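Written out below as structure tokens is the structure these notes cover.
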Amino acid sequence: MEQTFIMIKPDGVQRGLVGEIIGRFEKKGFSLKGLKLITVDRAFAEKHYADLSAKPFFNGLVEYIVSGPVVAMVWEGKGVVTTGRKIIGATNPLESAPGTIRGDYAIDIGRNVIHGSDAVESARKEIALWFPEGVAEWQSSLHCWIYE
Ligand code: UDP
Ligand code: MG
């Protein structure tokens, strides 16, 4: 089953949005497979965002991610990468639709509360980076009430 990497950024943790965000993924029907509160260092944040290293906002982005603890998660379910991005909303919160996490809880692009993998392949890489210890293997007893 498909998995994605979701991270509640330091602003989301500071603003008390952890429960709300987890609730949205849970209520959708996705399964939580990994979860930890972790403060990462510069080198780790640079690795996570390596694809963006040439961007003018890269330094500020890394500063933002290391500024406090983040909640790193692995969520599993059919189409979870694409649907997870829809639940999160557009990168710039001014353009994120109301009802999405960024649309409901953020204003500035550099304080947009949450990260989600953009493709199955990047999800695989990000899960390996953030959860080298592996993730939980379990199946919800609600499975047959969510999938036909
Ligand atoms: N970002 C920024 N300024 C920009 C573009 C992006 O500060 O002009 C930050 C923003 O926090 C975003 C992150 O860099 O979430 C990663 O950018 P990406 O394009 O991968 O957006 P995402 O996949 O998070 O929607
Ligand atoms: Mg991205």
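Everything numeric here is computed off the predicted structure, so don't read it as measured data. For ligands, and for the atoms within them, numbers begin at 1 and follow the listed sequence.
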Minimum-distance protein heavy atom relative to [atom]:
{"atom": "atom 17 (O) of ligand 1", "answer": "L52 CD1, 3.5 Å"}
{"atom": "atom 10 (C) of ligand 1", "answer": "I109 O, 3.3 Å"}
{"atom": "atom 24 (O) of ligand 1", "answer": "R102 NH2, 3.0 Å"}
{"atom": "atom 3 (N) of ligand 1", "answer": "F57 CG, 3.4 Å"}
{"atom": "atom 25 (O) of ligand 1", "answer": "T91 OG1, 2.5 Å"}
{"atom": "atom 23 (O) of ligand 1", "answer": "R85 NH1, 2.7 Å"}

Original post:
Is it the side chain, the backbone, both or neither of K9 that has a heavy atom closer than 4.0 Å to ligand 1?
Top reply: side chain
**OP:** For ligand 1, note which part of R111 has a heavy atom under 4.0 Å away: side chain, backbone, both or neither.
**Re:** neither
Subject >> For atom 9 (C) of ligand 1, the option (of N92, I65, D118, L61) bearing the nearest heavy atom >> reply: L61
Subject >> Nearest neighbour of atom 12 (C) of ligand 1 from the list N112, I114, I88, V113, on a heavy-atom basis >> reply: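 Closest candidate by heavy-atom distance is N112.
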Original post:
Is there side-chain contact between L37 and V18, with heavy atoms separated by less than 4.5 Å?
Top reply: no
Original post:
Does ligand 1 have an atom that lies less than 4.0 angstrom from a heavy atom of K55?
Top reply: no
Original post:
M7 near ligand 1, heavy-atom distance under 4.0 Å?
Top reply: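 In this structure, M7 fails to qualify as a contact of ligand 1 - no heavy atom is under 4.0 Å.
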Original post:
What are the two closest heavy atoms between I21 and I114, and how far apart are they?
Top reply: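 Closest heavy-atom pair between I21 and I114: CG2-CD1, 3.7 Å.
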Original post:
So which heavy atom on M1 is nearest to which on K78, and how close?
Top reply: SD-N, 3.5 Å
**OP:** Report, in ascending order of atom number, the atoms of ligand 1 lying under 4.0 Å from any heavy atom of G110.
**Re:** 7 (O)
Original post:
With a cut-off of 4.0 Å, which atoms of ligand 1 are near a heavy atom of Y49?
Top reply: 16 (C)
Subject >> Centroid-centroid under 6.0 Å between W75 and F25 rings >> reply: yes
Original post:
Around E20, counting heavy atoms of other residues, nucleotides and ligands shown, do more than 12 lie under 6.0 Å from its CD?
Top reply: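 Check passes, neighbour count above 12.
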Original post:
Do L52 and L129 belong to the same hydrophobic cluster, where Ile, Leu, Val, Met, Phe, Trp and Tyr are linked whenever their side-chain heavy atoms lie under 4.5 Å apart, directly or via other members?
Top reply: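 Yes, same cluster.
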Original post:
Parallel, tilted or perpendicular: which describes the rings of F5 and H115, with under 30° parallel and over 60° perpendicular?
Top reply: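 It falls in the tilted class, 30° to 60°.
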Original post:
Are D104 and R24 close enough for a salt bridge, meaning some N to O gap below 4.0 Å?
Top reply: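 Salt bridge: yes.
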Subject >> Pairing of E63 and R42 as salt bridge, 4.0 angstrom limit >> reply: yes
